[in-house]
Amino acid sequence: MASQNKLIVYQVFTRLYGNRQVTRKENGTIEENGCGKLNDFTPTALKRIREMGVSHIWYTGVIRHATQTDYSAYGIPRQHPAVVKGRAGSPYAITDYYDIDPDLATDVNQRMQEFEALVERTHKAGMKVIIDFVPNHVARQYHSICKPEWVKDLGEEDKPQNGFDPQNNFYYCPGQRFTPYFDLYHGEQEPYLEEPAKATGNDCFHNAPGMNDWYETVKLNYGLDYYAGRVGHFSPIPDTWTKMTDILLFWASKGIDGFRCDMAEMVPAAFWHWATDKVKFQYPDLLFIGEVYNPAEYRNYLAAGFDYLYDKVGMYDTVRDVICGRQSTHAITGAWQQTDDIRDHMLYFLENHDEQRVASDFFAANGRKGVPGLVVSALLQQNPLMIYAGQEYGERGMDKEGFSGNDGRTTIFDYWSIDTLVRAAKHKLTDEEEALKDIYNKVLHIATTEKAVTEGVSFDLMYVNPDYHRQYAFLRKAGSELLLVVANFDEQPATMDVTIPSHAFGFLKIREKKAAKGVDLLSGRTLKRQLKRDEAVTVDVDPLSAVILKF
């Protein structure tokens, strides 16, 4: 495979990926429903992922988090079920930043060694490793049993009588007990007790979080006084800054290649500036990917050391609307223009663990409908693309797993197995699923091997083709290689007369030709077309498909 400058991130929900048990009992235990393991990522499984064109695997949920499964026999503290979401628990309610989740281990006592071996296998397979860093909040019963001896635990030296103290790790509600909306017994003999109550992860600064709050988590204090209108106390450096930077350095020392930083914008940019600087000084190639949803903050967080940010409210939301017929394809032009000055730093995706599956009834009800969106997201710019495991088969995510009801998302709270991944491992995909996987392989291969995509310049053709609202056309060019990409979001075939303006010829240095030979990289068909300034190139595109003509 050609050297790859374009990142393709493959997100796997580690607990689900290798689970082949098909009991799928609603709210089932780990014994009933099974659980995927780190060791399920065999050299063969990793090779299959690499062959799709993937450069980075994001192993989601590997750090130990709150769960209702009892591992106290291994010296791991039990969590009170009243403050755990789902049987398996949310991977974003961390209970020990220095530990690996025991659910993922074949031998619980060897869980860290199994993780280190996985990092090594992934590197051997030619890919890099990304893990979650969850900086904004921890599980309510956070307690590290694996931290280095010199590390003080979070909250260990806090002054809980102060609602806010710049050197506290948590925020408190002095004199108030934690009294959320739910039953604090949850089937246990003793209720869950917390006094004084700590502030909840989603910036809920009182003692009674509601059902839609992140009630199973506690907000970390980075020196921002929310009680006084978010005044920052950053000198001296808050204790939380040092502790969290130590955690980043700990994982970096394990040989991982990057962090996907959960809800990065809920943590002050000043911290990121300080922490990324320290980490990159020792590990210059380490990547930071930020989950930031506020476009007004994008440039602040990039300046603070992030390499890539989610493009959710721009590109994802727009492409989703186009797929669902709610917006014209011209909206895609507006979406990329919003971040044109930082375009190489925006991470595009159609799915991840937070979003609904393309093939779910809540989105497009069919994975094929995502294909034109995939083509645009993969080929429009040089920036990275993320795929969520199962997306390439049209996984529907229409299971009612337990804590996660039937919402079109694949659960992050329950023990479960993913239908398409189970059947793919057993070579039992339907013809339709195989065809979709084939398209994904081709598009990702084009994205990572065609010089016009990995190194080239992009030119949007929509302003000279104003009458098309279900098709999107653009050019990519590098050296003598020119790609004309036309994506058809419509369920009808389209014959498109794509005008290529004089400006494109000048800007991209395209030579005019009476009969230029073009190959459609998706179908392999060869066409002859004239390339003339301000003239149209006629292209026939199948429904929910694309033509990628290479001249």
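On a predicted model such as this, the values are computed, not experimentally measured, just so you know.
- Between F170 and L220, the closest side-chain pair of non-hydrogen atoms falls below 4.5 Å.
- With W241 as the aromatic partner, K243 does not meet the cation-pi criteria of under 6.0 angstrom to the ring centre and within 45 degrees of the ring axis.
- Using bins of under 30°, 30° to 60° and over 60° for the plane-to-plane angle, the ring pair Y226/Y171 lands in the perpendicular bin.
- Put simply, the side chain of V54 reaches to within 4.5 Å of the side chain of M127, judged on heavy atoms.
- Here R64 does not pair with D101 in a salt bridge; the nearest charged N to carboxylate O distance is not below 4.0 Å.
- Residues F306 and V292 have side chains not in contact (no heavy-atom distance under 4.5 Å, counting atoms from C-beta outward).
- Side chains of R260 and Y310: a donor-acceptor N/O pair is present below 3.5 angstrom, by distance only.
- Ion pairing between a basic and an acidic side chain is recognised when a charged N comes within 4.0 Å of a carboxylate O; E188 and R78 show such pairing.
- Here the side chains of L154 and V138 are in contact, with some heavy-atom distance below 4.5 Å.
- Classification of the F41-Y17 ring pair by plane angle, with boundaries at 30° and 60°, yields parallel.
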Quiz item: Does the pair S144 and D96 meet the rule for a side-chain hydrogen bond (donor to acceptor under 3.5 Å, both in side chains), with working shown?
Solution: CA-CA 5 Å; S144 176; D96 188 346; 2.7 Å; yes
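- Using a 3.5 Å distance cut-off with no hydrogens or angles, the side chains of Q382 and R343 do not pair a donor with an acceptor.
- Remark: the backbone N or O of G210 is paired with a side-chain donor or acceptor of D213 at under 3.5 angstrom.
- In this structure, R140 contributes its side chain and K198 its backbone to a donor-acceptor pair below 3.5 Å.
- Contact of the L350 side chain with the E355 side chain is not registered, since no non-hydrogen atoms from C-beta on lie closer than 4.5 Å.
- Remark: the backbone N or O of V231 is not paired with any side-chain donor or acceptor of D225 at under 3.5 angstrom.
- Side-chain polar atoms of D158 and Y172 form a donor-acceptor pair below 3.5 angstrom.
- Side chains of H345 and N383: a donor-acceptor N/O pair is absent below 3.5 angstrom, by distance only.
- Geometrically, R357 does not engage F363 in a cation-pi contact defined by less than 6.0 Å to the ring centre and at most 45° from the axis.
- By the 30° and 60° cut-offs, the orientation of the rings of Y74 relative to Y71 is tilted.
- Classification of the Y92-H353 ring pair by plane angle, with boundaries at 30° and 60°, yields parallel.
- Residues Q79 and T95 are in side-chain contact: their nearest non-hydrogen atoms beyond the backbone lie under 4.5 Å apart.
- Of the charged side-chain nitrogens involved, none lies within less than 4.0 Å of a carboxylate oxygen, so that R177 and E194 do not count as a salt-bridged pair.
- Formation of a donor-acceptor pair under 3.5 Å by the D414 side chain with backbone atoms of F403 is found in this model.
- Counting only distance, with no hydrogens or angles, the side chain of Q176 and the backbone of P174 share no donor-acceptor pair below 3.5 Å.
- With hydrogens and angles left out, the side-chain atoms of N168 and K159 include no donor and acceptor closer than 3.5 Å.
- Between the side chains of S417 and R24, a donor-acceptor pair is found at a separation under 3.5 Å.
- A 4.5 Å side-chain heavy-atom check between D399 and T411 finds every atom pair outside the cut-off.
- Taking the ring centroids of W251 and F133, they lie at or beyond the 6.0 Å cut-off.
- For S377 (side chain) and Y348 (main-chain N/O), no donor-acceptor pair under 3.5 Å exists by modelled atom type.
- Residues F349 and I387 form no side-chain contact, since every pair of their non-hydrogen atoms from C-beta on lies 4.5 Å or further apart.
- One N or O on the side chain of K6 and one on the backbone of Q381 form a donor-acceptor pair closer than 3.5 Å.
- Residues I332 and T318 come closest through the heavy atom pair N-CG2, 3.8 Å.
- For F13 and Y388, the ring centers are positioned 6.0 Å apart or more.
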